[in-house]
Amino acid sequence: MDILWTIMIVNTVLTAIWSIVRIIRKRDAKYAMILFFVPVFGFVLYYLPRWIFMIRKQAGYDRDSLVNRIPVERTVEQADLEDAFRVAPIQDVLVAGNDMEKRQILLSRLKKNIDESYDSIKVAKDDEDSESVHYVSSVRMELYKKYYTELDSARKLYEENKTQTDSQMAKEKLLHVLNAFIRSDLLQKVEMDIFMDEYCERFQDMNRHKYPDAYNNYVYFLCVLRREEEIHMELIEENAAIWEYETYNQLLSFYYNKNEKEAFFWIMKQLRKSKLLLDQKGMELVRFWKEEDANHVIV
């Protein structure tokens with residue numbers, strides 16, 4: 001009986017010492033409960049496997065054996081250029097990429113709608129790589145043919161229906177196609193002027209307030225063509241009420257370049273009175289061209 005008590009006391013002391021050492025070393029001491037309730041054999045169960053491994057020199061694990069246990073085919077992964085080009089700005093690729101990468105990004109963009117394709121790749125039309133320029137030129141030609149075919153169809157439709165009651169609908173479609181073609185960046189200046197002139201001639205007898213978008217295009221094209229008399233006829237408050245910011249900007253630029261102070265400040269006054277939501281550039285324009293501060297600018 002005395003021997004049993006002695007073993008328990010010694011085991012308790014050893015367990016306490018073992019726990020204190022583990023805690024000082026900041027290691028897990030949860031196993032102390034087993035050492036306390038299983039005298040002697042607890043230490044045997046805990047240390048015997050470790051001693052056996054140390055004796056047999058197998059305390060560590062064979063990493064190569066574990067890694068190579070299952071054969072794995074080793075390959076070098078290549079970057080998915082098409083996926084990268086889908087999000088990379090084309091301007092960056094044209095600057096940083098080689099000729100092959102340029103061609104790949106252009107081809108990847110050509111898989112989309114032809115109108116969207118040209119808008120995104122037209123920056124490459126002056127690139128040093130002749131093959132890239134050829135891609136852009138091909139899309140440009142296809143898009144030009146598409147617009148010209150649509151314009152020809154719209155003209156024929158209007159001619160067939162201009163004596164009918166729904167002729168205005170056919171004319172509206174014709175003007176829409178003309179405007180899209182003019183703003184497509186596909187035309188040379190001479191051809192663009194011809195189409196602008198056609199647009200203005202066809203719109204003249206239309207209701208300004210019924211077709212405000214077409215009317216704003218009309219005034220914009222008059223300014224580009226510098227048809228002064230017709231522009232001056234549009235300077236009435238009733239018409240100014242439906243001008244868009246682009247129209248105001250074009251009119252201001254037109255009369256500024258002609259040094260016509262009265263018309264310029266009349267248009268600026270209408271802009272300040274309008275309910276248009278101006279961006280930062282528009283706000284700066286209005287603040288700068290205050291009549292009392294800018295009289296000396298236009299002479």
Side-chain angles (χ1 to χ4, degrees), residues 112-123 125 136 139-162 164-236 238-255 257 267 270-271 274 276-279 281-282:
K112 302 178 181 179
N113 178 278
I114 187 171
D115 298 88
E116 296 178 0
S117 299
Y118 183 70
D119 286 339
S120 63
I121 71 172
K122 64 183 179 182
V123 294
K125 63 183 179 182
V136 179
V139 175
R140 184 184 179 91
M141 184 58 65
E142 286 296 318
L143 197 55
Y144 181 90
K145 291 179 181 177
K146 173 178 174 287
Y147 273 115
Y148 204 92
T149 301
E150 290 178 358
L151 179 58
D152 191 49
S153 299
R155 283 170 174 163
K156 289 179 180 178
L157 180 65
Y158 173 68
E159 292 300 324
E160 293 171 359
N161 293 276
K162 66 180 180 180
Q164 307 296 324
T165 55
D166 60 346
S167 61
Q168 289 295 96
M169 187 178 297
K171 181 184 280 191
E172 187 179 3
K173 181 178 180 181
L174 174 56
L175 293 175
H176 176 77
V177 175
L178 271 169
N179 178 61
F181 205 177
I182 291 168
R183 296 177 183 269
S184 65
D185 193 31
L186 297 170
L187 302 173
Q188 299 296 326
K189 186 180 186 311
V190 174
E191 196 172 21
M192 185 183 297
D193 288 347
I194 292 172
F195 286 148
M196 284 184 181
D197 188 69
E198 178 183 352
Y199 188 102
C200 294
E201 293 299 324
R202 292 187 184 279
F203 180 82
Q204 279 183 343
D205 61 343
M206 293 183 70
N207 187 313
R208 271 80 169 139
H209 290 265
K210 187 176 181 180
Y211 303 101
D213 291 339
Y215 172 59
N216 278 278
N217 292 330
Y218 169 71
V219 177
Y220 182 90
F221 296 151
L222 286 178
C223 292
V224 176
L225 295 171
R226 307 188 69 78
R227 289 163 64 163
E228 185 175 358
E229 291 185 7
E230 293 168 80
I231 295 171
H232 201 72
M233 292 173 60
E234 302 302 322
L235 301 186
I236 58 177
E238 184 180 358
N239 290 342
I242 56 174
W243 288 345
E244 296 175 352
Y245 177 68
E246 182 187 42
T247 308
Y248 275 108
N249 210 23
Q250 193 69 15
L251 286 166
L252 289 169
S253 177
F254 176 79
Y255 282 110
N257 291 327
I267 296 167
Q270 301 306 313
L271 177 58
S274 72
L276 292 174
L277 295 176
L278 301 179
D279 57 12
K281 187 176 180 181

Roughly how far apart are [X] [atom1] and [Y] [atom2], rounded to 0.5 Å?
| X | Y | atom1 | atom2 | result |
| --- | --- | --- | --- | --- |
| Lys173 | Met169 | NZ | CE | 11.0 Å |
| Leu151 | Phe181 | CG | CZ | 6.5 Å |
| Cys200 | Arg202 | SG | CZ | 12.0 Å |
| Gln270 | Ile267 | CD | CD1 | 9.0 Å |
| Tyr245 | Gln250 | OH | CD | 11.5 Å |
| Ile194 | Leu225 | CD1 | CG | 11.0 Å |

So do the side chains of [X] and [Y] get within less than 4.5 Å of each other, counting heavy atoms only?
| X | Y | value |
| --- | --- | --- |
| Asn179 | Phe221 | yes |
| Asn239 | His209 | yes |
| Tyr147 | Ser184 | yes |
| Leu174 | Leu157 | no |
| Thr247 | Leu251 | yes |
| Tyr220 | Arg183 | yes |
| Phe254 | Val224 | no |
| Phe203 | Asn217 | no |

Residues in salt bridge (Lys or Arg N to Asp or Glu O under 4.0 Å) contact with Glu234, at least two apart in sequence or another chain: Arg208
Donor-acceptor under 3.5 Å (Ser274 side chain, Leu271 main chain):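 Judged by distance alone, yes, a pair lies under 3.5 Å.
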Short side-chain to backbone donor-acceptor contact, Thr149 and Lys145, under 3.5 Å: yes
Contacts of type side-chain hydrogen bond (donor to acceptor under 3.5 Å, both in side chains), residue Asp213, not counting sequence neighbours: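 If we apply the side-chain hydrogen bond (donor to acceptor under 3.5 Å, both in side chains) test to Asp213, skipping adjacent residues, there are no hits.
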All side-chain hydrogen bond (donor to acceptor under 3.5 Å, both in side chains) counterparts of Gln204, not counting sequence neighbours: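 Expected list: Glu230.
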Atom CD of Glu201: over 12 foreign heavy atoms under 6.0 Å: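 Yes.
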Sidechain N-carboxylate O distance under 4.0 Å for Arg155, Glu159: no
Side chain to side chain contact (heavy atoms under 4.5 Å, CB included) evaluation trace for Tyr211 with Leu175: CA-CA 11 Å; Tyr211 303 101; Leu175 293 175; over 6 Å; no
Over all atoms of both residues, closest heavy-atom pair of Glu244 and Asn216: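 So the two residues come closest at N-OD1, 2.7 Å.
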